[in-house]
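Report on the structure given below.
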Amino acid sequence: MKNSDVARHFEEIGDLLEIQGANSFRVRAYRNGSRTIEDLAEPIASIAAEGEKALVELPGIGKDIAAKIVVLLETGTTPQLEQLREEVPPGVVQMLRIQGLGPKKVKALFKELEVTSLEELKAAAESGAVAELKGFGKKTAQTILDGIEHVEQAGNRYFISEALVPAELILEDLLKLDSVTQASIAGSARRRKETCGDLDLLATSSNSAEAMELLANHELVEKVLAQGDTKQRVRLRSGIEMDLRVVPDESYGAAMQYFTGSKEHNIVIRQRAQKRGLRLNEYGIFKDEELVAGKTEEEVYKAVDLPWIPPELRENRGEIEQAEEGQLPKLLELKDIKGDLHMHTTATDGTASIREMAEAARERGLKYIAITDHSKRVTMANGLDADRLRKHWAEIRKIREEFSDIEILCGIECDILEDAELDLPDDVLSEGDWVIAVLHYGLKQPGEQIMKRLLNAVKNPYVCAIGHPSGRIVGRRPGADIHYPDLFKAAADHGVFMEINAHPSRLDLDDIQAAAAKDHGIPIVINTDAHSTTGFDVMKYGVYQARRAGLEKKDVANTRTFKQFKKMLRTSS
DNA sequence: GCCGTTTTCGGCCCGACTGTTTTCAGTCG
């Protein structure tokens, strides 16, 4: 059972308990436990194998949840969840996803109207039954109908790229207003989380009405959902919702800190404030009623005896302890990247030639690239067999003579076949400069076979890197069942790199596994997997992911000069 | 349900906005 399955199990217990009206702190305890498991780099089953005591040492896991983890791993479920599922049908949990419906209202709908699915809820709202319930009204019924439509048509979360692009455009327009003195993106988009549920914008302004009017009439905005004096919520045409908050100048830093989150990070920061006899909210840090800090984020952190913490790290995954000890990493930056080792050309499924890709890479300041078209197994991309690959490499060797200021490596993205063999023979691979081995097919194979394939690739003397290791698509397709500690140990032993694929739909390794790979001392490469000349522009998303993993420049191989990079290759001689 | 250098019991972050209410509960972030 994967960590994500175990985490989801306890998340569901939390949801169901909440609908039943359980103590909210008990509900939160299950969610905290769930999150701890979700964030683990190691399989929870390995920890459980050491005994219940090892589980209890995890934050947010006590005796009770530890015992349930053991039962869950042994039997595939827990009596508690089975019992809860009997009491609360699955459609009722679905109702929690509707904006404006929380546990109390959902419970009332379920108990009073016996509504157990979104369809039944829709019918009840349309018939007027919902509006007649105590605590409900016509507007609530309409909100529910809008909410159902939204849940049905849009997925709930957006790729970081889908979130940041409109947010940056709107931010730019806000800053053009004379009345707006400062403005920034906050929330999960500022933390560069791989997906965002919504967007947060923050501004200081002498005229908050003007800022809100601009947003209400913005071409990217579809509808104003709520509006007060300091807070406005809108839905963009893309479906994503955005909050704008206008705060006083002296509170800007506190509001940035507050609305950047994460919730888990902020809870700990506020607890630190409490311990120091201070009160922290979005307006500042207060001693009794006196404002003692709030204009900048640095001030806020200083008031709780911490240095400023980069937003990407604010997840309460150890960054507060690091900050306390002065051990925060100096995070990688986009400008540190000097090479890109994964891209395609018209030889397979790319849209640009070798020369065009090299020129585009040079324009972006890259000093070295590897052309890595597909191997033959990927028939739909016109993958290369040995003959075509050798000709392709000959072509690359010819073209690279034309470029004095950028190195072009003869590479290949070689499939690791379902039977664990590589898609091209060793004698062919040995002629290249850079071999990335990847899983494309058979991602649903049992973990044992997946590991056999990956380990076989790692042991091959010509494989330089494992590309997009899990094969996941963010929010859409789960990755292969990988036992990461074994993979990383083998990669470290054989000097094989791990890729962070920078495409916003992949971001694979994810942040947690990238941090674990760093701990194993494995060199990491961040690659765009560009299929066109504009494909290079996704590099920043890979860098964001690396920053969330706490990676520094030294942890990432393609920050090196070409000379240094080449020395790291096992095939270099 | 979890947690502990004020605590093994009694806490557990905090304010804005909405809609349904006649003073506030529910929801959200």
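The structure presented is a predicted model; accordingly, all values stated were derived computationally and were not measured.
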Distance below 4.0 Å between Asn266(A) side-chain N/O and dC13(B) OP1 or OP2: no
request  = Indicate yes or no for a side-chain donor-acceptor contact from Arg191(A) to the backbone of Leu313(A) under 3.5 Å, with no hydrogens or angles considered.
outcome  = no
Considering only heavy side-chain atoms of Gln99(A), the closest of dG1(B), dC14(B), dG29(B) is dG29(B)
Is there any protein nitrogen or oxygen under 3.5 Å from a nitrogen or oxygen in nucleotides 6-12 of chain B, and what are the pairs?
from: dC12(B); atom 1: O3'; to: Arg28(A); atom 2: NH2; distance (Å): 3.4

Numerically ordered, the residues 4-17 of chain A set in heavy-atom contact under 4.0 Å with DNA chain B is none
Classify Leu96(A) by what it touches in the nucleic acid, base, sugar-phosphate, or nothing, heavy-atom distance under 4.0 Å.
nothing
Restricting both atoms to N or O, compile the protein contacts to nucleotides 22-25 of chain B shorter than 3.5 Å, with distance only.
none

Would you measure the distance from the C1' atom in dC13(B) across to the matching atom in dG29(B) and give it in whole Å? 12 Å
If you measure from the P atom in dA25(B) to the same atom in dT21(B), how many Å do you get, rounded?
13 Å
Let me have the donor-acceptor pairs involving side chains of residues 325-334 of chain A, under 3.5 Å, with sequence neighbours excluded, atom names and distances please.
none

| request: For nucleotides dG10(B) and dA16(B), find the distance between their P atoms and express it as a whole number of Å. | output: 32 Å
- Query: What interatomic distance, in whole Å, is found between P of dC17(B) and the corresponding atom of dC12(B)?
  - Reply: 25 Å
Practice item. Kindly say if Arg233(A) contacts the phosphate of dG29(B), meaning a side-chain N or O under 4.0 Å from OP1 or OP2. Key: yes
Need one value for Phe136(A): base, sugar-phosphate or nothing, where a base atom within 4.0 Å counts as base even if backbone is also close, heavy atoms only. sugar-phosphate
Original post:
Do side-chain atoms of Asn501(A) reach the backbone of Leu507(A) as a donor and acceptor pair under 3.5 angstrom?
Top reply: no
On DNA chain B, more 5' by nearest nucleotide between Asp200(A) and Gly135(A) is Gly135(A)
Have a look at Thr143(A) and say if it touches a base, only the backbone sugar-phosphate, or nothing, with a 4.0 Å heavy-atom cut-off.
nothing
Picking from dC14(B), dG1(B), dT27(B), the nucleotide nearest the side-chain atoms of Asn281(A) would be dC14(B)
Query raised in the report: So, is Arg26(A) near the phosphate of dG1(B), with a side-chain N or O under 4.0 Å from OP1 or OP2?
Result: yes
In whole angstroms, the gap separating C1' of dT18(B) from CD of Gln232(A) amounts to 15 Å
Gln227(A) atom CD is separated from dC28(B) atom P, nearest whole Å, by 20 Å
Between dT18(B) and Thr140(A), is there an OP1 or OP2 to side-chain N/O distance shorter than 4.0 Å?
no
| Counting N and O atoms only, with roles assigned by atom type, does the side chain of Ser34(A) sit under 3.5 Å from a partner on the main chain of Tyr30(A), one being a donor and the other an acceptor? | no
task = May I ask you to say whether Arg157(A) pairs ionically with Glu162(A), meaning some side-chain N is under 4.0 Å from a carboxylate O?
result = no
**Study point:** Carboxylate-amine/guanidinium proximity below 4.0 Å for Arg314(A) and Glu319(A)
**Key:** no
Quick check: does any side chain N or O of Thr36(A) sit under 3.5 Å from a backbone N or O of Asn32(A), one acting as donor and the other as acceptor?
yes
Which of dG26(B), dT18(B), dC13(B) is nearest the side chain of Ala226(A)? It is dT18(B)
Quiz prompt | Donor-acceptor pair under 3.5 Å, Tyr258(A) side chain vs dG29(B) base | solution = yes
Taken to the nearest whole Å, CZ/Arg245(A) to P/dG29(B) is 9 Å
pair_partner(dC3(B)), Watson-Crick or wobble, both distances < 3.5 Å, evaluates to dG10(B)
Regarding Lys105(A) and the six-membered ring of Phe136(A), is the cationic atom NZ or CZ under 6.0 Å from the ring centre and inside 45° of its axis? yes
### Query
Are Lys302(A) and Leu306(A) side-chain neighbours, meaning at least one heavy-atom pair lies under 4.5 Å?
no
* Asked: Between Tyr544(A) and Glu312(A), does any side-chain donor sit less than 3.5 Å from a side-chain acceptor?
  -> no
With the threshold set at 4.0 Å, does a side-chain nitrogen-carboxylate oxygen contact exist between Arg547(A) and Glu315(A)? no
Note: for Lys68(A) and Phe259(A) on DNA chain B, the residue whose nearest nucleotide lies more 5' is Lys68(A)
Ordered by number, residues from residues 29-44 of chain A within less than 4.0 Å of DNA chain B (heavy atoms) are Ala29(A), Tyr30(A)
Here the distance between atom P of dC14(B) and atom NE2 of His265(A), to the nearest Å, is 16 Å
If the P atom of dT20(B) is compared with that of dG26(B), how far apart are they to the nearest Å? 14 Å
*Is there a side-chain contact (heavy atoms from CB on, under 4.5 Å) between Gln182(A) and Asp249(A) once you walk through the steps?*
CA-CA 8 Å; Gln182(A) 301 183 80; Asp249(A) 214 34; 3.0 Å; yes
For Gln232(A) and Gln227(A) the tightest heavy-atom approach is NE2-OE1, 3.1 Å
*So, does Asp555(A) use its side chain to make a donor-acceptor pair with the main chain of Glu552(A) at under 3.5 Å?*
yes
* Asked: Rounding to the closest angstrom, what is the interatomic distance between dT6(B) and dG1(B) at atom C1'?
  -> 23 Å
Only residue of Arg192(A), Gln545(A), Lys193(A), Arg317(A) satisfying side chain to side chain donor-acceptor pair (under 3.5 Å) with Asp511(A) is Arg317(A)
task = Would you classify Ile269(A) as touching base, sugar-phosphate or nothing, given that sugar-phosphate means primed atoms plus P, OP1 and OP2, and contacts are heavy atoms under 4.0 Å?
result = nothing
Hits for side-chain contact (heavy atoms from CB on, under 4.5 Å) against Glu298(A), two or more places apart or cross-chain, chain-then-number order -> Thr296(A), Trp308(A)
